[in-house]
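Below is one structure, written out as structure tokens; comments come after it.
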Number of protein chains: 2
Amino acid sequence: MSNSQTVVNPLFLRDEDLRQAIELLFFAYRDFTKRADAILADQHMGRAHHRVVYFVGRHPGISVSELLEILAITKQSLSRVLSHLVREGYIVQKTGTADRRQRLLHLTEKGRKLEVDLTTEQRARIAAAYKTAGAVAVEGFRKVTLGIMDPAARQRFAPGDG
Amino acid sequence: MSNSQTVVNPLFLRDEDLRQAIELLFFAYRDFTKRADAILADQHMGRAHHRVVYFVGRHPGISVSELLEILAITKQSLSRVLSHLVREGYIVQKTGTADRRQRLLHLTEKGRKLEVDLTTEQRARIAAAYKTAGAVAVEGFRKVTLGIMDPAARQRFAPGDG
DNA sequence: GGATATATGTCAACAATGCTGACGTATATG
DNA sequence: CATATACGTCAGCATTGTTGACATATATCC
């Protein structure tokens, strides 16, 4: 029965280890977002704009409600940045064909360019970290971050889904 | 076109892999901070208060300038939350003995209790993720997050450097 | 076809948390 | 004694989250 090392395992989780994990997450995230935040500030935008542009780029034709679920914020909070991005020509809204109540979101060329500007450095950061750490470490990073997030979010990464 | 295979390496870093890493980080961080944020909101505080309480608990007697370096914010931003925490009795400031200009920070009992309240769920989250993922994965998570952060921050985790 | 639910948008007010700029005090150091 | 450093504070501004209320268009159910 104890053939699964996920239950009985050789991990000694000292307080120090847990604290270190908290700090790894904090410093990695802090530095990961720094450069994009600076670019955004130059254009009178913030991290919220980045997230919208990123996920619309990731899921072209995403509905507002799907986007709300990903971001886990209120529609009023989203509305502020989304309407700004539409007004400034980064995003276009297309009425859904199956459901005409929906406003399906797409990046414009301008929006695509912004997305690239913002994530180029982030991608390079990840690529460098992945290369230095190696394939086994990458799989470990994947497992642990998936374990940290809520099960609902975890499903987004299920194989053969999305 | 973003051709991500321009560098030859054993890792095939497709655009998809890099995007996934960005999202793993986003969802893990989003859910990791959610519960603590809710507790803080009940007490008219925010994530900034948590960070101060956390790092003061982590480094008793830390100076204001050291704390500023960790948080990477301005002293004016820190001042707002720090003076609130001192005023409300979560943190005490002790004049440095070697350098009397310094205001060395310590948690009070009340501050210690808050810190525990805020991080208990976070620790449990990490512990569960670590146990499920296993020791090898934990080492991978460590390597990758260290690779993502700036070299300056990485040094904080250097062996033999408390 | 009319009642009801859903998708989306908007106005208003408020709080937390970054920022810049300017200025002040105490203490250390050359 | 001059200057630098550690820390604090006041003021103003932008971003981004919240709650609450209300409006419109479209879908769906009986």
Side-chain angles (χ1 to χ4, degrees), chain A residues 26 29-30 33-54 56 61-88 91-105 118, chain B residues 26 29-30 33-54 56 61-88 91-105 118:
Chain A
F26 170 72
Y29 202 80
R30 184 196 69 171
T33 56
K34 192 164 52 178
R35 174 87 180 105
D37 284 350
I39 295 173
L40 287 157
D42 287 346
Q43 315 187 27
H44 308 102
M45 290 194 276
R47 203 176 286 183
H49 298 86
H50 185 183
R51 295 203 269 247
V52 170
V53 165
Y54 176 84
V56 171
I62 192 175
S63 71
V64 172
S65 50
E66 286 167 339
L67 187 52
L68 282 173
E69 202 183 324
I70 287 177
L71 300 174
I73 58 175
T74 61
K75 65 173 177 175
Q76 293 93 326
S77 294
L78 174 58
S79 173
R80 191 159 32 202
V81 294
L82 180 55
S83 47
H84 176 256
L85 289 168
V86 169
R87 206 183 317 118
E88 300 292 327
I91 285 178
V92 285
Q93 298 170 299
K94 298 181 182 172
T95 299
T97 50
D99 185 337
R100 292 177 47 79
R101 292 171 302 180
Q102 293 184 323
R103 298 289 171 269
L104 306 182
L105 308 173
L118 292 173
Chain B
F26 170 71
Y29 203 79
R30 185 197 68 171
T33 55
K34 193 164 52 178
R35 174 86 180 108
D37 284 351
I39 295 173
L40 287 156
D42 287 344
Q43 314 187 29
H44 307 103
M45 291 194 277
R47 205 177 286 183
H49 298 85
H50 186 184
R51 295 203 268 248
V52 170
V53 165
Y54 176 84
V56 170
I62 192 175
S63 72
V64 172
S65 51
E66 286 167 338
L67 187 52
L68 282 172
E69 203 184 322
I70 287 177
L71 299 175
I73 58 175
T74 61
K75 65 173 177 175
Q76 293 93 328
S77 294
L78 173 59
S79 173
R80 192 160 30 202
V81 294
L82 180 55
S83 46
H84 176 256
L85 289 168
V86 169
R87 206 183 317 118
E88 300 292 327
I91 285 178
V92 285
Q93 297 170 301
K94 298 181 183 172
T95 299
T97 51
D99 185 337
R100 292 178 46 81
R101 291 172 302 179
Q102 293 184 322
R103 297 289 172 268
L104 307 182
L105 308 173
L118 292 173

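Just so we're on the same page: letters track the sequence lines, and every chain starts at 1.
Counting any heavy atom pair closer than 4.0 Å across all strands shown, B/Asp99 reaches sugar-phosphate atoms only and no base atom. The residue B/Ser79 sits close to a base: some heavy atom pair falls under 4.0 Å. Backbone-only contact: B/Arg47 has heavy atoms under 4.0 Å from sugar-phosphate atoms and none from a base. Within 4.0 Å (heavy atoms only), B/Glu66 reaches no atom of the nucleic acid at all. Looking at heavy-atom distances under 4.0 Å, B/Ser65 makes contact with sugar-phosphate atoms alone, never a base.
In this model, the phosphate group of C/dG9 is not approached by any side-chain N or O of A/Ser83 to a distance below 4.0 Å at OP1 or OP2. Within the structure, a side-chain polar atom (N or O) of B/Gln93 is placed less than 4.0 Å from OP1 or OP2 of D/dG8. For A/Arg80, no side-chain nitrogen or oxygen approaches OP1 or OP2 of D/dT16 to under 4.0 Å. For the OP1/OP2 pair of C/dG18 and a distance below 4.0 Å, the side-chain nitrogens and oxygens of B/Thr74 include no atom meeting the criterion.
Atom-to-atom, CG of A/Leu104 to P of D/dT26 comes out at 14 Å; the value is rounded to the nearest Å. One can place CZ of A/Arg51 at 15 Å from P of D/dT15, the figure rounded to the nearest angstrom. Atom CG of B/Leu67 and atom P of D/dG8 are 10 Å apart (whole Å). At whole-Å resolution of the value, CG in A/Leu85 and C1' in D/dT15 are 13 Å apart. Atom CZ in B/Arg100 sits roughly 23 Å away from atom P in D/dA4 (whole-Å rounding). In this structure, CG of A/Leu68 is placed 9 Å from C1' of C/dT8, rounded to the nearest angstrom. Rounded to an integer number of Å, the gap from B/Arg87 CZ to D/dG8 P is 13 Å. For the pair B/Gln102 CD and C/dT27 P, the interatomic distance rounds to 13 Å; values are reported in whole Å.
Distance check: B/Arg80 CZ to B/Leu85 CG gives 12.5 Å after rounding to the nearest 0.5 Å. With rounding to the nearest 0.5 angstrom, the CG atom of B/Leu82 is 11.5 Å from the NE2 atom of B/His84. Here the straight-line distance linking atom OH of A/Tyr54 with atom CZ of A/Arg47 works out to 15.5 Å at 0.5 Å rounding.
The nucleotide whose nearest atom lies closest to any side-chain atom of A/Val64 is, among C/dT8, D/dT16, D/dT18, C/dT8. Comparing D/dG8, C/dG18, C/dA7 by their nearest atom to the side chain of B/Leu82 picks out D/dG8. Among D/dA27, D/dC7, D/dG8, the nucleotide with an atom closest to any side-chain atom of B/Ser63 is D/dC7.
Of the possible donor and acceptor atoms, none in the side chain of A/Arg101 sits under 3.5 Å from a partner among the backbone N and O of A/Thr95.
Toward the 5' end of DNA chain D, the nearer of the two residues A/His50 and A/Thr97, judged by each one's closest nucleotide, is A/His50. Where B/His44 and B/Arg101 meet DNA chain C, the nucleotide closest to each residue was compared, and B/His44 sits on the side nearer the 5' end.
In this structure, the side chains of A/Leu105 and A/Val52 stay at 4.5 Å or more apart for every pair of heavy atoms.
For B/Arg103 against D/dG8, a side-chain-to-base donor-acceptor contact under 3.5 Å is absent. Remark: the B/Gln76 side chain and the C/dG21 base include a donor-acceptor N/O pair separated by less than 3.5 Å.
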Exercise for review: Apply side chain to side chain donor-acceptor pair (under 3.5 Å) to B/Ser63 and B/Arg103, showing your working.
Suggested key: CA-CA 6 Å; B/Ser63 72; B/Arg103 297 289 172 268; over 6 Å; no
